[in-house]
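A short worksheet on the structure shown next.
So you know, we letter chains A, B, ... as the sequences are listed, proteins then strands, and number each from 1.
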Protein chains: 4
Amino acid sequence: MSKDAKKPIPSRVLDPQLVEARRLQIVQAAVELFVDKGFHKTTTREIAKASGIGIGTLYEYLQSKEDVLYLVCAYIHSEVEKRLTEARLQAENGRDLLVMSIRRFFACVDELQDYVLLIYQETKSLPPETLKLVLQKEEEITQLFADILESGRRDGSIQLAPQHVKLTAHNIIVLGQMWTFRRWALHRHYSLEEYTERQVTLLLHEIHSH
Amino acid sequence: MSKDAKKPIPSRVLDPQLVEARRLQIVQAAVELFVDKGFHKTTTREIAKASGIGIGTLYEYLQSKEDVLYLVCAYIHSEVEKRLTEARLQAENGRDLLVMSIRRFFACVDELQDYVLLIYQETKSLPPETLKLVLQKEEEITQLFADILESGRRDGSIQLAPQHVKLTAHNIIVLGQMWTFRRWALHRHYSLEEYTERQVTLLLHEIHSH
Amino acid sequence: MSKDAKKPIPSRVLDPQLVEARRLQIVQAAVELFVDKGFHKTTTREIAKASGIGIGTLYEYLQSKEDVLYLVCAYIHSEVEKRLTEARLQAENGRDLLVMSIRRFFACVDELQDYVLLIYQETKSLPPETLKLVLQKEEEITQLFADILESGRRDGSIQLAPQHVKLTAHNIIVLGQMWTFRRWALHRHYSLEEYTERQVTLLLHEIHSH
Amino acid sequence: MSKDAKKPIPSRVLDPQLVEARRLQIVQAAVELFVDKGFHKTTTREIAKASGIGIGTLYEYLQSKEDVLYLVCAYIHSEVEKRLTEARLQAENGRDLLVMSIRRFFACVDELQDYVLLIYQETKSLPPETLKLVLQKEEEITQLFADILESGRRDGSIQLAPQHVKLTAHNIIVLGQMWTFRRWALHRHYSLEEYTERQVTLLLHEIHSH
DNA sequence: CATGAATGAGGTTTCATTCAT
DNA sequence: CATGAATGAAACCTCATTCAT
C-alpha cells in the first residue's frame, strides 16, 4: 500500500516554490468559497479573484476546476493530519493514548468542521481516479487509530479481537465526523465536551476496558 | 414540532391524482440518474426523457430542478420510513425491540444504500428552506429510535441517562448509514451481518445492557 | 464506392423539415461570414446572430462549430452539383458535350467563386473523418467529367488513353477552380470568356481533337 | 513592380546577424508545426518551445504570430526559388529550357509538397498588406516561367500569342502545385514521373510545339 | 539579450426554463 | 394537459501578448 500517494498536477510554471505558494493561495481562497457555496456554484473566476490572481494565471497552475477540488481535499487532509500528528502524545499505555487521540481528533474535527463537511459533500465531484486517492488518504487517517488500537492490544490495555480493529477505527472517525455532518441536530443539544466524553465512553466500552 | 412537514410544490396541473402519479414517475427516474451521475451532472432533459415525458410536461408538475431533488429526498425518506414502520415488531421489552429495530434499519440502509448515499451527498444543493425540511425528516427518523430507547427506559430493559437518548439515537442512525458512505472500506472487510452484529454489540454496551 | 455519402449530424430537434430549414438558414449565414472573415475568425455567436437565431438554438441543430463548416462545404458542393446537372446538355458527341460542360463548369466556378475558394481554404479545418467525405464529394464532381470523357472515347470523338482520363478530369476541375484561387492575378488580365476559351483550347489539345 | 519586396519586421534585437539566425530557428520550427497542425491550432508557445527559445525571446524577434506566418511563407518561397534558380539550365532553345524548367519545378513541388500546401491553406490568415507581398512573390515565381516562354518566343521555338504568355505561366504553376493539393487523388493513380510527363505533354500542346 | 510568469478578452458550448402551439 | 423549439446567461478554459527581472 503506497503511502501518501499524491497526484502530481502539471503546472505550466516551472519554479516549484512558486507553484507551491500560488497553489496555497488558490486553495485557501477556494476552500472558503466551496464551504460557502459548494463546488458547483463556485466559478473559476470567483476562485481566481478571491485568490488575488487573474483567471489566466489560475490555469497556469492547474489544468481544470476539478484540480482545485482535489487540491482542496488534499489540503484539508493535510491540515487534519498535521493536527493529529504534530505533538507526540505521552501516555502510560495504548488505552490512554487512544483516549487522548480521540479527544484530539474530535477537537480537530470541531475546529475544521466546515472543511470536514466539505470533504463529505464534494468528494463525489472528483474524477474517479482522483477520488480513489482522496479515499486512500481517508483510510490512512483511519489507520492512525487502527495503529493505536493495535499498540493497546499489544500492551494489554485494550482488549479487542483483531478482526474488529479496523471497524473500531472507522467508528472512531465516523463518530468524530458526525459532529459536523449532524451538527444541525447535535450542536443544539450538546457541547463539544459533552459530546466528546459521551462518545469516548461509548468507544471505550467497545474495547472492553473496564 | 410539526410532524411530517411537507413542502407543497405548486403544479400547473390541477388534478391531484395525476400530479401524484406523474411526480412518482419523475422521481423514480430521477433517483436512478442522480445515483448514477449526481444531481449536478444530470440535466432536466435527461430526467424528462427517463420519465417518459416531455421537458415541457416536467415543468407542468414542478417549478425547478431543485424541486426534483427535494421530491427525490422526500421519496427516499418515505421509502426508508416505510421499511422501518411497515410491520410492527413484536418484542418482550424495549431492549429487544431496539435490537430488532437496529437490525431492520441496517438491512434497510443496505438495501437502499445508493439512495442513502444520495441524501448524504446532494442534500446541500437544496435551497436552505427546503434543506431544513429534509433535515427535519432525518430527525424524525432518528426520533423513531429515540422513542424506542425511551420505551426501554420505561420498562427498565434499557439503562440510559435521559440526556443521552438523543445522542444514542443519532449514533444508531449514523453507524447504520456509515455502511453506505464508508462502503469503499467496510464492504472489503465485513459482510452486512458481521457489521450489523458488531455495531449492535457496541450500541448495547452504550445502554448498559449486560 | 458509396456515392453521395453524407454525414448525419444529430439534432436535438425532431421535425426533419424544421431541421432542414433551420440548417439552411444557418449555412447560408455562415458561408457569407466564412467568405468574409474565414472560419477561424468567425465566432459561433456571429453565425447565430447572422442566422437570425439565438446561440442556444444554433446548438439545437448541430453539435459543434465544425459541423457548421461541414454543412457549409456540403452546401457548396450541392450548389455546384446542382448547376452542373440541372439541365441535360444536348450535344452531337462526347467532344461537344465536354466543351459545353467545361464552359458550364467555368461559369459555375465564376458564379460561386467565393464559395469555391472557401472550400480550398477551410477544408483542412475539418476533422479527418469529415474531411474524407468532402474530398469524396470533390472526387465525385471530378468523376462527372471523367464520365463525359469516357463517353467521348466511346463515340470516337475524343482520343485519350484510358489511364489519362482521370488526370484530364482533374485538370479540368483545377483549371476551372484556379480562376478563383489565382484571381488576384488572372482577373487583372483576362475576362472570364477569354479565360474559358483559352483553357478549353488547351484542354482540347489534350484529347487530340483537331 | 518592385522586385523581391520584403516586409521589414521590426525586432527589438539590434544585431542583424543574430536576428537572421534566430528567425531561421523560429521559422524552421514553425513550418513543421504548421504543416502538422495548421496555423491556427499551433500556439506561439509551441513555436517557441520547438525553436528552443523562450516565449519572451520569440517576441523579441517579431511582433505577432502573423509575423511568423509571413516569415514561414517567405521562407517557403525562398526555398522554392532557390531550387528553381540554383543551377543555370543548359538548353538549345527556349522550348527545351521550358521543359527542363517544368520538370525541375514539378520535382521541387514534390519535394516541398507539405510547404506548398501550407501556402495554399494558410495564406488567407495573413493580414491584407502582407498577403499582397506573398502573392507578389507567387507572381514573381510565375514570371520566371513567363520569361522562359518569352525567350522561346523570341528564338522561335515556342509559338504562343503574347497575351497567352501569362496564362500559360500560371497554368504551369498550377498544374505543378495541384500535385500537392489534389494529392489525395493523384498520388493514388500516378507516380510523380508519369504525372510530370503527362502534364508536360499537355503544356507543350499549348505552345504549338509539334 | 533572454526569460517566463501574469494577464484577460474572448472562444465554444451547456442547460434550466419559458411559451406558443 | 402535453409538447418541444427557442433562448441567452453564464460556465470553463485558451492563448497571444506584455513586462519586470
Could you state the [atom1]-[atom2] distance from [X] to [N], rounded to the nearest angstrom?
X     : N      : atom1 : atom2 : answer
D:I55 : F:dC19 : CD1   : C1'   : 13 Å
D:Q25 : E:dA2  : CD    : C1'   : 12 Å
C:R12 : E:dT17 : CZ    : C1'   : 15 Å
C:I47 : F:dT7  : CD1   : P     : 16 Å
D:Y61 : F:dT17 : OH    : P     : 18 Å
B:F39 : E:dC15 : CZ    : P     : 13 Å
B:K49 : F:dT3  : NZ    : P     : 13 Å
C:L58 : E:dT13 : CG    : P     : 9 Å

Remember a base hit wins even if backbone is also touched, and classify [X] as base, sugar-phosphate or nothing at under 4.0 Å, heavy atoms.
X     : result
B:S11 : nothing
A:L18 : sugar-phosphate
A:G56 : base
C:R22 : sugar-phosphate

Tell me the partner of E:dC19, counting only Watson-Crick (N1-N3 plus N6-O4 or O6-N4) or G-U wobble (N1-O2 and O6-N3) with both under 3.5 Å; none if nothing fits.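 Across any shown strand, E:dC19 pairs with F:dG4.
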Who does F:dA11 pair with, Watson-Crick or G-U, both distances under 3.5 Å?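 Partner of F:dA11: E:dT12.
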Of the options A:E79, A:H77, A:E32, which is the one that meets A:Y115 in a side-chain hydrogen bond (donor to acceptor under 3.5 Å, both in side chains)?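 That would be A:E32; it is the only one of A:E79, A:H77, A:E32 passing the side-chain hydrogen bond (donor to acceptor under 3.5 Å, both in side chains) with A:Y115.
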Nearest-nucleotide 5' precedence on DNA chain E, D:E60 against B:K65: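 Whichever sits nearer the 5' end wins; that is D:E60.
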side-chain contact (heavy atoms from CB on, under 4.5 Å), that's the test. Do C:R23 and C:S11 meet it? Break it down for me. CA-CA 10 Å; C:R23 282 187 178 167; C:S11 167; 3.4 Å; yes
[X] side chain near [N] phosphate (N/O to OP1/OP2, under 4.0 Å):
X     : N      : result
A:T44 : F:dC12 : yes
A:Y59 : F:dT14 : no
A:T57 : E:dA6  : no

Given the ring of B:F39, does B:K65 sit roughly above its face, with NZ or CZ under 6.0 Å from the centre of the six-membered ring and within 45° of the axis?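 Yes, a cation-pi geometry.
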Spatial distance of atom CG (D:L71) from atom OG1 (D:T130) [nearest 0.5 Å]: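 That separation rounds to 10.0 Å.
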With respect to the side chain of B:R45, which nucleotide from F:dC13, E:dT17, E:dA5 is positioned closest?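 Selected nucleotide (nearest to the side chain): E:dT17.
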Which of these nucleotides, F:dA5, F:dT17, E:dT14, is closest to any side-chain atom of C:L14?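 Of all the options, the side chain of C:L14 is nearest to F:dA5.
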Let me spell it out: for each of A:S64 and C:G54, pick the nucleotide of DNA chain F with the closest heavy atom. Which residue's pick is nearer the 5' end?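 Going by which nucleotide is closer to the 5' end, it is C:G54.
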Before you tell me yes or no, could you show the steps for A:I9 and A:Y61 under side-chain contact (heavy atoms from CB on, under 4.5 Å), namely the whole-Å CA-CA distance, both residues' side-chain angles and the distance that decides it to 0.1 Å? CA-CA 8 Å; A:I9 295 177; A:Y61 292 92; over 6 Å; no
